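Here's the structure, in structure tokens; my notes come after.
Naming convention: chains lettered A, B, ... in sequence-line order (proteins, then strands); numbering from 1 in each chain. In this text the structure is predicted, and so the values were computed from the model without any measurement.
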Number of protein chains: 2
Amino acid sequence: MTLECATCPVRDSAACAVLSEEDREKLARAGRTRELSRGEVLFAAGEADTVCATLLTGALKVTSHDADGHERILALIHPSGFIGEMFSPFTSHDVVALTKSRLCIFAKADMEAALERHPELLRALLRRSQEDLHRSRMLLSLGSGRSAQDQVGGLLLALAQAASTSPCHPARTFELPITRGEMASMLGLTIETVSRAITTLEREGTIRRNGTRGIELVDPARLEDLV
Amino acid sequence: MTLECATCPVRDSAACAVLSEEDREKLARAGRTRELSRGEVLFAAGEADTVCATLLTGALKVTSHDADGHERILALIHPSGFIGEMFSPFTSHDVVALTKSRLCIFAKADMEAALERHPELLRALLRRSQEDLHRSRMLLSLGSGRSAQDQVGGLLLALAQAASTSPCHPARTFELPITRGEMASMLGLTIETVSRAITTLEREGTIRRNGTRGIELVDPARLEDLV
DNA sequence: CGCCTGTTTGATCAGAGTCAAAAAGTGTGG
DNA sequence: CCACACTTTTTGACTCTGATCAAACAGGCG
């Protein structure tokens with residue numbers, strides 16, 4: 001299926017937004033879209049990977065697996081995010097769909113050619129890469145000396161910020177994009193510990209739950225000074 | 001002090017190595033070198049930062065501090081590494097010298113101008129940024145479900161790789177660039193736990209110690225299949 | 001309705017943290 | 001070269017948090 005940039009949901013925020021209308025069209029002709037359903041694998045670690053992609057809708061996770069198959073989530077990817085290490089011929093981590101997702105896929109060779117012609121695209125990717133790096137370090141610092149409950153609180157806050165439309169203020173109410181198990185795997189905790197932490201946070205009056213996925217931040221300040 | 005690219009120890013590996021001789025000279029004229037002694041702060045989190053830098057010799061750490069002042073090391077920077085988020089006006093983390101270090105410093109504005117003129121420099125920074133991201137995720141996956149001993153083993157392996165001249169094989173013997181406390185702070189453990197882990201690894205015959213900082217990997221394979 | 005997946009809660013246990021002190025290094029000045 | 005002070009590392013005893021094992025509970029969907 002060929003691309004329809006005109007109706008693209010991330011046409012203003014994705015990396016290719018820095019291109020002119022016509023340049024973008026030219027790039028689009030080299031690409032195609034792909035749908036993934038929950039659990040489908042986009043990249044598997046260690047495979048040669050010859051494509052890169054922009055996420056249009058849905059959400060992806062970047063994971064690694066330790067010796068005994070335990071999964072660790074290293075990053076979440078939201079719409080307009082870019083996937084693919086342009087300088088490494090092999091993927092180092094798995095990339096898997098968390099929900100039904102739609103992507104815009106390019107051969108690395110085509111993207112490489114576009115980068116050659118459009119330095120502004122290079123700049124857009126650099127910016128994204130530095131943001132990814134920043135988020136990755138956030139996740140690292142979450143795991144620090146803090147108690148399990150503080151870690152979960154910090155993650156909730158981070159997810160609220162990701163769910164928010166405005167970049168600085170967290171959303172007051174939002175739906176968790178991930179399961180308890182996936183939260184646990186982002187923090188290196190167990191499902192049970194995450195569940196208990198959420199229960200405690202609710203009993204303390206810091207948050208309120210709305211079904212299993214809905215979260216309302218009653219007292220965001222309390223979460224904020226954990227960071 | 002003006003720059004002497006001719007005698008620069010990282011002239012072939014730093015980002016600016018992608019420039020031609022004359023372009024590099026031009027950039028060099030805008031920069032200056034700076035010396036830091038152990039513990040000196042290059043950037044403090046939250047400050048406006050108007051410069052970026054390449055590390056020539058020594059080592060730096062990137063750290064964050066939680067509410068009670070506990071430090072967490074998010075990354076190490078080795079010679080030829082680049083420091084400075086080009087797209088964010090404020091530094092988000094502290095950057096501190098681990099040892100006596102020498103840097104090559106540029107005003108962001110000058111670097112920005114150079115990026116404008118030399119897309120290959122942009123590409124070099126993107127590559128570096130993706131490598132940083134990769135290292136950051138390595139550190140994340142180290143912390144996973146693994147025992148303290150395995151985490152320390154994994155860190156030793158990573159440090160051996162960083163110390164090695166060849167990029168894939170770890171050095172068999174090397175000097176730890178950081179103290180026990182700093183190792184602990186990279187993994188989110190305590191000094192005592194790190195110390196005990198190292199003692200156990202030696203008793204198992206996986207490593208041998210040579211003074212407090214020297215490490216010999218007797219059985220690297222055992223460490224490798226922990227990852 | 002019953003099955004399956006995901007979540008919550010409970011009881012027990014082990015591993016890492018904490019507190020404390022000895023030992024090994026490092027550097028300084030006499 | 002040695003004596004002394006200071007920092008870093010190691011080791012020990014005890015505690016407590018989070019993992020583990022197990023079971024009840026809640027939704028979603030055929």
Side-chain angles (χ1 to χ4, degrees), chain A residues 37-39 61 66 68-73 98-100 142-156 159 175-204 207-215 226, chain B residues 37-39 61 66 68-73 98-100 142-156 159 175-204 207-215 226:
Chain A
S37 41
R38 173 169 175 85
K61 62 180 174 184
D66 55 28
D68 23 303
H70 249 72
E71 172 181 290
R72 171 90 193 215
I73 296 183
L98 282 169
T99 65
K100 199 169 164 55
L142 260 188
S144 189
R146 325 214 50 65
S147 72
Q149 195 185 140
D150 292 356
Q151 290 185 54
V152 172
L155 181 58
L156 287 180
L159 292 173
E175 292 282 308
L176 290 172
I178 53 179
T179 66
R180 298 288 184 274
E182 283 156 348
M183 291 177 68
S185 147
M186 288 185 77
L187 297 170
L189 301 172
T190 60
I191 294 181
E192 294 93 324
T193 302
V194 170
S195 177
R196 278 186 250 268
I198 291 180
T199 302
T200 309
L201 285 169
E202 184 173 38
R203 266 205 271 272
E204 282 179 359
I207 64 171
R208 194 171 304 151
R209 272 184 289 193
N210 222 318
T212 44
R213 292 296 189 89
I215 294 287
L226 295 182
Chain B
S37 42
R38 171 167 177 89
K61 61 181 175 184
D66 54 29
D68 23 303
H70 248 72
E71 170 182 290
R72 170 92 195 215
I73 296 183
L98 283 169
T99 65
K100 197 170 166 53
L142 259 187
S144 189
R146 326 214 50 65
S147 72
Q149 194 184 139
D150 291 357
Q151 291 185 55
V152 171
L155 181 59
L156 287 181
L159 292 173
E175 292 282 308
L176 290 171
I178 54 180
T179 66
R180 298 287 184 275
E182 283 156 349
M183 291 178 66
S185 147
M186 289 185 77
L187 297 170
L189 301 172
T190 59
I191 294 182
E192 295 92 325
T193 302
V194 170
S195 177
R196 278 187 251 268
I198 291 181
T199 303
T200 309
L201 285 170
E202 184 172 38
R203 265 205 272 274
E204 281 179 359
I207 63 171
R208 194 172 305 151
R209 274 184 289 194
N210 222 315
T212 43
R213 292 298 188 88
I215 294 286
L226 295 182

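Scanning all heavy atoms of the two residues, the minimum distance from A/R146 to A/D150 falls at NH2-OD2, 3.3 Å. For the pair B/L176 and B/T212, the tightest heavy-atom approach, listed with the atom from each and the gap, is CD1-O, 4.4 Å. Across every non-hydrogen atom of B/E71 and B/S185, the tightest pair is O-OG, 3.3 Å. Looking at every heavy atom in both residues, A/H70 comes nearest to A/D66 through N-OD1, 2.9 Å.
Screening B/V194, B/L201, B/T199, B/T193 for a side-chain contact (heavy atoms from CB on, under 4.5 Å) with B/Q149, the sole residue that qualifies is B/L201.
Checked by atom type and distance alone, the side chain of A/R72 pairs as donor or acceptor with a backbone atom of A/M186 at under 3.5 Å.
Side-chain contact check for A/R38 versus A/K100: every heavy-atom pair is 4.5 Å or farther apart.
One can place CG of B/L176 at 15 Å from C1' of C/dG25, the figure rounded to the nearest angstrom. Protein atom CZ of B/R180 is 14 Å distant from nucleotide atom P of C/dA24, rounded to whole Å. Atom-to-atom, CD of A/E202 to C1' of C/dT9 comes out at 14 Å; the value is rounded to the nearest Å. Between A/R146 atom CZ and C/dG17 atom P the separation is 15 Å, expressed in whole Å. Straight-line distance from the CG atom of A/L201 to the P atom of C/dT8: 12 Å, rounded to whole Å. At whole-Å resolution of the value, CZ in B/R38 and P in C/dT26 are 13 Å apart. One atom, CG of A/L189, and another, P of C/dA16, lie 14 Å apart when rounded to the nearest Å. As a whole-Å value, the separation of B/Q149 CD from C/dA14 P is 18 Å.
Residues B/R209 and A/S147 each lie close to DNA chain D; by heavy-atom proximity, the contact nearer the 5' end of the strand is made by B/R209.
Look at A/T199 and you won't find any side-chain N or O under 4.0 angstrom from OP1 or OP2 of C/dT8.
In 5' to 3' order, the nucleotides of DNA chain D bounding all contacts with chain B (an atom under 4.0 Å from a heavy atom) are D/dT9 to D/dA13.
Here A/S195 lies in heavy-atom contact (under 4.0 Å) with a base. Residue contacts for B/I198: at a heavy-atom cut-off of 4.0 Å it reaches no nucleic acid atom on any strand shown.
Side-chain atoms of B/R196 stay outside donor-acceptor range of the base of C/dG15, with no qualifying N/O pair under 3.5 Å.
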